[in-house]
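Worth knowing before you read on, the calculation uses all heavy atoms, side chains too, and leaves out hydrogens, waters and symmetry mates. Residues take their numbers from the sequence shown, with the count starting at 1. The structure presented is a predicted model; accordingly, all values stated were derived computationally and were not measured.
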Amino acid sequence: MKAFVVEKYGKDGVRAALAPEPTVGDRDVLVRVSAAGVNPLDKMVRNGEFKQLLKYKTPFVLGHDVAGVVTKVGSAVHGFEVGDEVYARPRDLRIGGFAEYIAIDVDDVAPKPASLTLQEAAAVPLVALTAWQILVDRAHVGPGQKVLIHAGAGGLGSTVIQLAKHLGATVATTAQARAEDLVRSLGADVVVDYTKEDFSQVLSGFDLVLDSLGGTNLEKSLTVLKPGGLAIGVAGPPDAGFARQLGAPSFMGLVMNTLSRKIRKRAKSLGVRYEFFFMQAGGAELRKLGALYDSGQLRPVIDRVFSFDQTLEAMAYVEHGRTKAGKVVVSMTPDSD
């Protein structure tokens with residue numbers, strides 16, 4: 001089958017190749033890929049940023065979001081049949097959406113939301129699961145709380161805004177002026193144009209900040225939290241909880257804590273908290289999220305669709321910051337879905 005494979009870690013490590021069709025285990029669903037989402041995580045895995053914790057063996061197929069049609073089910077699989085349209089964020093070490101076929105553990109798969117096309121569905125799993133796990137599972141966001149979401153027009157930000165608003169929070173976001181109408185339509189109550197204003201000078205009293213940028217932006221985010229507030233970073237630096245989540249040896253937790261010591265110390269001095277977040281696959285949560293898409297509470301935002309043969313171009317488009325709003329998708333049938 002055709003696939004885009006990481007042959008070696010690094011910027012030039014991915015190439016188009018012919019790969020063996022996946023073996024289907026007892027608990028697996030074999031999916032003929034219709035479309036796949038492109039995420040910053042693809043670049044990070046390609047570059048080997050997590051190679052001490054996520055031990056992929058090269059060559060491996062890249063791609064963390066997928067939507068397609070079931071073509072085979074394992075002997076222990078119940079609830080899915082050949083011909084079903086599904087979507088998933090395959091679990092770590094079993095990714096591979098940039099290919100014609102992928103075998104996915106049944107626990108990671110959910111029926112595609114009926115209201116979405118396969119292209120739209122491919123844009124959803126990673127960002128929607130991240131939004132759910134941060135807002136619902138980790139931060140327990142509810143009515144009356146204030147949430148700041150950086151880069152609100154991005155693939156993750158545009159999803160988190162919608163879910164935070166659905167949960168009853170007051171939502172602020174940072175975005176360029178050209179994206180203000182979009183983020184307000186998604187549910188943002190306050191929009192700060194980061195090209196003209198410093199958000200840390202105009203915002204305060206937040207329960208939660210979601211930072212996808214890191215560095216100075218994360219440090220300033222701590223200052224807009226109320227006492228006891230929580231800043232969650234998805235761009236790092238990682239902490240010991242990340243190592244535990246991946247089942248790494250205890251010494252790796254010490255390494256991760258060293259990497260995040262400065263920001264955690266700063267947070268403590270301000271009376272707030274910092275935590276790193278790395279999402280997990282979850283078919284059950286995707287079913288809940290699918291209901292929200294079908295009811296109109298959430299909607300995907302797609303910037304551009306590339307053909308499957310243009311997967312490397314699609315990755316470069318995301319990596320170089322050309323995305324104006326939402327997600328980038330690669331599709332087997334870009335013009336007909």
Subject >> Worked check of side-chain contact (heavy atoms from CB on, under 4.5 Å) between Ile102 and Val33 >> reply: CA-CA 7 Å; Ile102 181 174; Val33 177; 3.8 Å; yes
Within the 3.5 Å criterion, strictly below it, is a donor on [X] or [Y] matched to an acceptor on the partner's side chain?
{"X": "Ser331", "Y": "Gln119", "result": "yes"}
{"X": "Asp189", "Y": "Thr170", "result": "no"}
{"X": "Ser307", "Y": "Asp309", "result": "no"}
{"X": "Thr323", "Y": "Asp303", "result": "no"}
{"X": "Gln133", "Y": "Glu285", "result": "yes"}
{"X": "Ser185", "Y": "Arg299", "result": "yes"}

**OP:** Output yes when Asp108 and Arg94 qualify as a salt bridge under the 4.0 Å nitrogen-oxygen rule, no when they do not.
**Re:** no
Original post:
Is it true that Arg264 and Glu275 make a salt bridge, defined as a side-chain N closer than 4.0 Å to a carboxylate O?
Top reply: no
Mind listing the closest non-hydrogen atom pair of [X] and [Y] along with its distance?
{"X": "Val160", "Y": "Leu210", "result": "CG2-CD2, 3.6 Å"}
{"X": "Val330", "Y": "Ala314", "result": "CG1-CB, 3.6 Å"}
{"X": "Ala19", "Y": "Ala3", "result": "CB-CB, 4.1 Å"}
{"X": "Leu186", "Y": "Ser158", "result": "CD1-CB, 3.6 Å"}
{"X": "Val124", "Y": "Pro300", "result": "CG2-CB, 4.1 Å"}
{"X": "Ala131", "Y": "Leu156", "result": "N-CD1, 4.4 Å"}

Original post:
Which pairs, with at least one residue in residues 3-45 and sequence neighbours excluded, count as a ring pair (Phe, Tyr, Trp, His ring centres under 6.0 Å)?
Top reply: Phe4-Phe308
Original post:
Could you give all pairs that pass the ring pair (Phe, Tyr, Trp, His ring centres under 6.0 Å) test and reach residues 24-52, with sequence neighbours left out?
Top reply: Phe50-Phe242, Phe50-Phe278
Taking [Y] as the starting point, is it possible to reach [X] by hopping between hydrophobic residues whose side chains are less than 4.5 Å apart?
{"X": "Leu225", "Y": "Val202", "answer": "yes"}
{"X": "Val109", "Y": "Val69", "answer": "no"}
{"X": "Leu30", "Y": "Val66", "answer": "no"}
{"X": "Leu118", "Y": "Val82", "answer": "no"}
{"X": "Leu54", "Y": "Phe98", "answer": "yes"}

Subject >> Residues which pass salt bridge (charged side-chain N to carboxylate O under 4.0 Å, His left out) with Asp105, listed by chain and number, not counting sequence neighbours >> reply: Arg27, Arg91
Is it the case that more than 12 heavy atoms not belonging to [X] sit under 6.0 Å from its [atom1] atom?
{"X": "Arg266", "atom1": "CZ", "value": "no"}
{"X": "Lys165", "atom1": "NZ", "value": "yes"}
{"X": "Lys2", "atom1": "NZ", "value": "no"}

Looking only at atom types and distance, does a side-chain atom of [X] sit under 3.5 Å from a main-chain N or O of [Y], one as donor and one as acceptor?
{"X": "His140", "Y": "Val136", "result": "yes"}
{"X": "Ser260", "Y": "Met256", "result": "yes"}
{"X": "Asn257", "Y": "Ala240", "result": "yes"}
{"X": "Lys146", "Y": "Ser204", "result": "yes"}
{"X": "Glu7", "Y": "Arg15", "result": "no"}
{"X": "Lys327", "Y": "Ala123", "result": "yes"}
{"X": "Thr195", "Y": "Gln176", "result": "no"}
{"X": "Tyr56", "Y": "Leu93", "result": "yes"}
{"X": "Lys112", "Y": "Leu116", "result": "yes"}
{"X": "Thr174", "Y": "Ala151", "result": "yes"}

Atom [atom1] in [X], atom [atom2] in [Y]: separation rounded to 0.5 Å?
{"X": "Asp92", "Y": "His64", "atom1": "CG", "atom2": "NE2", "value": "6.0 Å"}
{"X": "Lys288", "Y": "Leu129", "atom1": "NZ", "atom2": "CG", "value": "11.0 Å"}
{"X": "Leu148", "Y": "Leu203", "atom1": "CG", "atom2": "CG", "value": "6.0 Å"}
{"X": "His320", "Y": "Lys43", "atom1": "NE2", "atom2": "NZ", "value": "9.0 Å"}

With side chains defined as the heavy atoms from C-beta onward, is the minimum distance between [X] and [Y] less than 4.5 Å?
{"X": "Phe276", "Y": "Leu259", "value": "no"}
{"X": "Gln280", "Y": "Arg89", "value": "no"}
{"X": "Val5", "Y": "Phe60", "value": "no"}
{"X": "Leu218", "Y": "Pro237", "value": "yes"}
{"X": "Leu292", "Y": "His166", "value": "yes"}
{"X": "Val147", "Y": "Val141", "value": "yes"}
{"X": "Phe206", "Y": "Ser221", "value": "no"}
{"X": "Val234", "Y": "Ile134", "value": "yes"}

Original post:
Are the aromatic rings of Tyr194 and His150 close, with centres under 6.0 Å apart?
Top reply: no
Original post:
Quick check, are the ring centers of Phe306 and Tyr317 under 6.0 angstrom apart?
Top reply: yes
Original post:
Step by step, would you call Val272 with Leu230 a side-chain contact (heavy atoms from CB on, under 4.5 Å)?
Top reply: CA-CA 6 Å; Val272 300; Leu230 173 63; over 6 Å; no
Subject >> Trace of the salt bridge (Lys or Arg N to Asp or Glu O under 4.0 Å) decision for Glu85 with Arg32 >> reply: CA-CA 10 Å; Glu85 293 185 333; Arg32 184 179 71 247; over 6 Å; no
Subject >> From CA spacing to verdict: salt bridge (Lys or Arg N to Asp or Glu O under 4.0 Å), Asp207, Lys226 >> reply: CA-CA 6 Å; Asp207 298 275; Lys226 72 179 188 181; 2.6 Å; yes
**OP:** Could you please spell out the steps behind the side-chain contact (heavy atoms from CB on, under 4.5 Å) verdict for Ile263 and Leu222?
**Re:** CA-CA 9 Å; Ile263 195 71; Leu222 299 177; 3.6 Å; yes
Original post:
Taking it one step at a time, do Tyr101 and Val31 satisfy side-chain contact (heavy atoms from CB on, under 4.5 Å)?
Top reply: CA-CA 6 Å; Tyr101 291 90; Val31 176; over 6 Å; no
Original post:
For Val6, which of Asn47, Asp42, Leu62 qualifies under side-chain contact (heavy atoms from CB on, under 4.5 Å)?
Top reply: Leu62
